[in-house]
Amino acid sequence: DAKTTQPPSMDCAEGRAANLPCNHSTISGNEYVYWYRQIHSQGPQYIIHGLKNNETNEMASLIITEDRKSSTLILPHATLRDTAVYYCIVRVTNDYKLSFGAGTTVTVRA
Amino acid sequence: GAGVSQSPSNKVTEKGKDVELRCDPISGHTALYWYRQSLGQGLEFLIYFQGNSAPDKSGLPSDRFSAERTGGSVSTLTIQRTQQEDSAVYLCASSFSGGPSPLHFGNGTRLTVT
């Protein structure tokens with residue numbers, strides 16, 4: 001019973017912004033939105049998380065809608081090394097039984 | 001700083017042999033987790049350690065699997081009498097405890113049972 005819905009794949013041009021959507025319409029008030037990515041043969045890499053405010057760090061920005069039913073991860077200037085599977089998950093604090101769905105396979109093209 | 005370190009990165013073993021997988025968490029992280037990821041599958045929770053509390057072993061698939069964490073730091077996952085269905089990538093993660101602290105993963109150990 002997936003808590004999040006993401007498009008299966010998307011392409012992005014190198015140097016352009018990549019906007020990755022995620023729907024989490026059943027999110028509860030105490031669940032955070034987390035984004036991870038997994039590059040082939042590596043472990044999942046944490047990107048960013050948020051509760052209701054927009055967040056930005058050195059890797060990406062996270063935009064969460066006011067009703068919190070969806071969010072967008074923004075990679076401001078995609079590079080070829082950003083090619084990966086991106087996972088959006090919702091999680092309450094201290095919930096460690098993570099469930100990654102199929103994610104979005106992002107391919108950055110030169 | 002140093003991330004989560006796992007060793008070996010690859011392990012090939014014969015069916016029936018025992019294997020030990022090691023995880024070095026990020027310094028200062030009190031929570032440590034083991035997961036496995038089979039080809040094309042999602043993450044499967046195995047076990048969770050938090051400080052000196054009793055670990056949550058509810059995800060271990062059989063009594064052939066066990067894990068320990070010594071001194072609140074390094075952890076070892078042991079699989080006895082390996083079976084072919086144990087073949088997977090075994091991932092370790094660590095985090096600070098409390099609050100929405102994100103999990104940070106190692107690059108895993110790819111286990112192949114022949």
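So you know, we letter chains A, B, ... as the sequences are listed, proteins then strands, and number each from 1. The basis for the numbers below is simple: all heavy atoms, side chains too, and nothing from hydrogens, waters or symmetry mates.
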Handout entry: Heavy-atom closest contact (B:Lys57 atom, B:Ile47 atom, distance)
Key = CG-CD1, 3.7 Å

Handout entry: Heavy atoms of other groups near B:Arg110 CZ, more than 12 under 6.0 Å
Key = no

Handout entry: Heavy-atom proximity to chain A below 4.5 Å, by part of B:Ser58
Key = side chain

Completion exercise
Heaviest contributor of heavy-atom pairs below 4.5 Å to chain B, chosen from A:Tyr34, A:Tyr87, A:Tyr96, A:Tyr36, is A:Tyr96

Completion exercise
Greatest number of non-hydrogen atom pairs under 4.5 angstrom with chain B, of A:Pro44, A:Gly103, A:Gly101, falls to A:Pro44

Handout entry: A:Gln38 portion near chain B, given a 4.5 angstrom heavy-atom threshold
Key = side chain

Exercise for the section: Sort A:Tyr32 into side chain, backbone, both or neither according to what part of it lies under 4.5 angstrom from a heavy atom of chain B. Expected result: side chain

Practice task
Answer with yes or no after comparing the ring centroid distance for B:Tyr35 and B:Phe105 against a 6.0 Å cut-off, counting only values under it.
Solution key: yes

Handout entry: Atom group of B:Phe45 that falls short of 4.5 Å from chain A, counting heavy atoms
Key = side chain

Exercise for the section: Using a cut-off of 6.0 Å, state whether more than 12 heavy atoms not belonging to B:Asn52 lie near its atom CG. Expected result: no

Completion exercise
Note: vs chain A, highest number of non-hydrogen pairs under 4.5 angstrom among B:Gln50, B:His104, B:Gln37 is B:Gln37

Exercise for the section: Please report the C-alpha distance between B:Asp86 and B:Arg64 in whole Å, then the side-chain angles of each, then the deciding distance to 0.1 Å, and finally whether the salt bridge (Lys or Arg N to Asp or Glu O under 4.0 Å) criterion is met. Expected result: CA-CA 10 Å; B:Asp86 299 334; B:Arg64 296 186 294 105; 2.8 Å; yes

Practice task
Using a strict cut-off of less than 4.0 Å between a Lys/Arg side-chain nitrogen and an Asp/Glu carboxylate oxygen, indicate whether B:Asp24 and B:Arg22 qualify as a salt bridge.
Solution key: yes

Handout entry: Contact leader toward chain A among B:Asp56, B:Leu91, B:Val89, where contacts are heavy-atom pairs under 4.5 Å
Key = B:Asp56

